[in-house]
Protein chains: 2
Amino acid sequence: MADENISDLIEHYLKEILAENEQVKIRRSEIAGLFDVVPSQINYVINTRFTIQNGYIVESKRGGGGYIRIEKVHLLDDIDVLNSLIAAIGNKLSKRDSETIVQTLYNNELINRREVSIILAAIDKDAIDLNNSDLTDIMRANIMVSILNRLRYER
Amino acid sequence: MADENISDLIEHYLKEILAENEQVKIRRSEIAGLFDVVPSQINYVINTRFTIQNGYIVESKRGGGGYIRIEKVHLLDDIDVLNSLIAAIGNKLSKRDSETIVQTLYNNELINRREVSIILAAIDKDAIDLNNSDLTDIMRANIMVSILNRLRYER
DNA sequence: AATTCTTTGACTAATATTGACTATTATTAT
DNA sequence: ATAATAATAGTCAATATTAGTCAAAGAATT
């Protein structure tokens, strides 16, 4: 414990607050000053230790009164389906495969009819078309993975 | 909450009034005086927080007896507003504006919290990023319009 | 020795604040 | 009526105040 690096210390400091609060809102330079590190190290700590995989959502604002807010979210218990879908997608996704995935989500009662509709609109061919079918498939994969990741937790 | 910037404070002040009234009519210099800022900051607050994307329309008059009036619009009552929203998006949409629009959809009960989450995931910067911020904004606009059009038939 | 993780800082991006200048409308004086 | 003046709001660019990115250097681990 005594040989922790500073990033670990900052991590623990924030997690102590999060043990008693749903979220923590900081001013980046303040925390940096508290631990005597450059401000960008706070970003490093956040990017390596407060990811969505760990159950944290981070949001921030620049400018006067700017802040970084870290929120703890509850990861759903049964996310095997989501994990395997994400793993299966890779970096390209055809229209046909995307429809299969949406159907799977619906069959597993992970999404309802309205949500099916919204997701299909988001990955609609005309919406994400780029005159380049490879790029379109990449875009479709990215969007789908982003949505699947979002479905893994509830706020 | 105590460390908000002044623009946020002015925004909340006006929205508190709007919570109980359909509209609020102010004298710019009065509000500026109340918060001890230059008058043009009131324009900044209005331009960034009371746009049609936010679900407000603003009208004003100069000269003696001049005023600024902010009025809430209701997406549900008025399908035209959905059209003007789509028109306002045009062919490019920033991350900030997109978040504003999604929030407005939620405020107007056109979508629920989960749907907010899904839509934000679909237009997330990292999801649709192409190492070209112009293209990202175009993509975000396309996806958003596609979803808005879908919502038209989904309620 | 190689690899991975941490630390640093220069540069970039986003947002807020300010004030000089402009535009519009109302009121007063001629 | 018309012109001058007063009383408003609008625009825009400069500056201030934050946070984000990225790559290089250093430290720790394998």
Side-chain angles (χ1 to χ4, degrees), chain A residues 1-14 24-51 54 56-71, chain B residues 2-14 24-51 53-54 56-71 92-100 103 124-126 129-134 136-137 140:
Chain A
M1 266 305 205
D3 58 347
E4 282 174 325
N5 59 46
I6 301 183
S7 289
D8 288 339
L9 291 179
I10 297 170
E11 172 190 0
H12 292 145
Y13 172 81
L14 294 173
V24 53
K25 185 174 174 183
I26 62 171
R27 172 152 309 176
R28 188 177 73 154
S29 57
E30 260 180 27
I31 304 298
L34 196 57
F35 289 92
D36 197 28
V37 297
V38 296
S40 63
Q41 181 151 3
I42 307 306
N43 296 90
Y44 173 74
V45 172
I46 285 172
N47 291 332
T48 54
R49 291 149 164 90
F50 292 90
T51 64
N54 291 315
Y56 298 96
I57 292 179
V58 179
E59 122 190 321
S60 64
K61 197 164 84 161
R62 307 185 193 187
Y67 58 82
I68 300 175
R69 176 163 44 220
I70 306 173
E71 186 184 354
Chain B
D3 54 352
E4 282 170 325
N5 59 49
I6 299 181
S7 289
D8 286 342
L9 293 178
I10 297 170
E11 171 191 359
H12 292 146
Y13 172 81
L14 295 172
V24 53
K25 186 174 174 183
I26 62 171
R27 170 154 311 176
R28 187 178 74 153
S29 57
E30 259 180 27
I31 304 297
L34 194 57
F35 289 91
D36 196 27
V37 297
V38 296
S40 62
Q41 181 151 4
I42 307 306
N43 297 89
Y44 174 74
V45 171
I46 286 173
N47 291 332
T48 54
R49 291 150 166 88
F50 293 92
T51 64
Q53 287 95 334
N54 281 289
Y56 299 94
I57 54 180
V58 177
E59 116 190 328
S60 64
K61 199 167 78 164
R62 307 186 192 189
Y67 59 83
I68 300 175
R69 177 165 44 219
I70 305 172
E71 192 182 342
K92 286 169 65 175
L93 182 63
S94 72
K95 175 176 160 64
R96 179 182 176 146
D97 282 349
S98 69
E99 284 166 354
T100 298
Q103 181 66 45
D124 182 76
K125 176 184 168 302
D126 294 330
D129 189 28
L130 292 164
N131 289 329
N132 178 329
S133 67
D134 258 14
T136 300
D137 284 358
R140 189 181 286 113

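Labels below follow one simple rule: chain letters A, B, ... track the order of the sequence lines, proteins then strands, and each chain is numbered from 1. Because the structure is predicted, anything quoted here is derived from the model rather than measured.
Summarising the geometry, the separation between CZ on A/Arg27 and C1' on C/dA16 is reported as 12 Å, rounded to the nearest angstrom. Distance CD (A/Glu4) to C1' (D/dA27): 16 Å, rounded to an integer number of Å. Computed from coordinates, the B/Ile42 CD1 to D/dT8 P distance equals 15 Å when rounded to whole Å.
Within the nucleic acid shown, A/Arg49 comes within 4.0 Å of sugar-phosphate atoms alone, with no base atom in reach, counting heavy atoms only.
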Next item on the list: Report, as a single string ordered 5' to 3', how protein heavy atoms within less than 4.0 Å touch nucleotides 18-30 of chain C: B base, S sugar-phosphate only, - not at all.
Entry: BB---BBBS----

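When the side-chain hydrogen bond (donor to acceptor under 3.5 Å, both in side chains) test is applied to B/Ser40, no partner is found at least two apart in sequence or on another chain. Listed by chain and number, the residues in a side-chain hydrogen bond (donor to acceptor under 3.5 Å, both in side chains) with A/Glu71 are A/Arg155 (sequence neighbours excluded). Looking at residues two or more places apart in sequence or on another chain, you find a side chain to side chain contact (heavy atoms under 4.5 Å, CB included) between A/Thr51 and A/Gln53, A/Asn54.
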Donor-acceptor contacts under 3.5 Å from residues 29-36 of chain B side chains, at least two apart:
none

Please list, one pair per line, the donor and acceptor atoms closer than 3.5 Å that link side chains of residues 57-68 of chain B to other protein atoms, with sequence neighbours excluded.
{"unit_1": "B/Glu59", "atom_1": "OE2", "unit_2": "B/Arg69", "atom_2": "NE", "d": "3.2"}
{"unit_1": "B/Glu59", "atom_1": "OE2", "unit_2": "B/Arg69", "atom_2": "NH2", "d": "2.2"}

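Each of D/dA19, C/dT7, C/dA16 was ranked by its minimum atom distance to the side chain of A/Ile68; first place goes to D/dA19. Nearest nucleotide to the A/Ser7 side chain, out of C/dT17, D/dA9, C/dT6: C/dT6.
Both B/Asp8 and A/Val45 lie near DNA chain C, and the one whose nearest nucleotide falls closer to the 5' end is A/Val45.
Side-chain nitrogen and oxygen atoms of B/Arg96 include none within less than 4.0 Å of the OP1 or OP2 phosphate oxygen of C/dA13.
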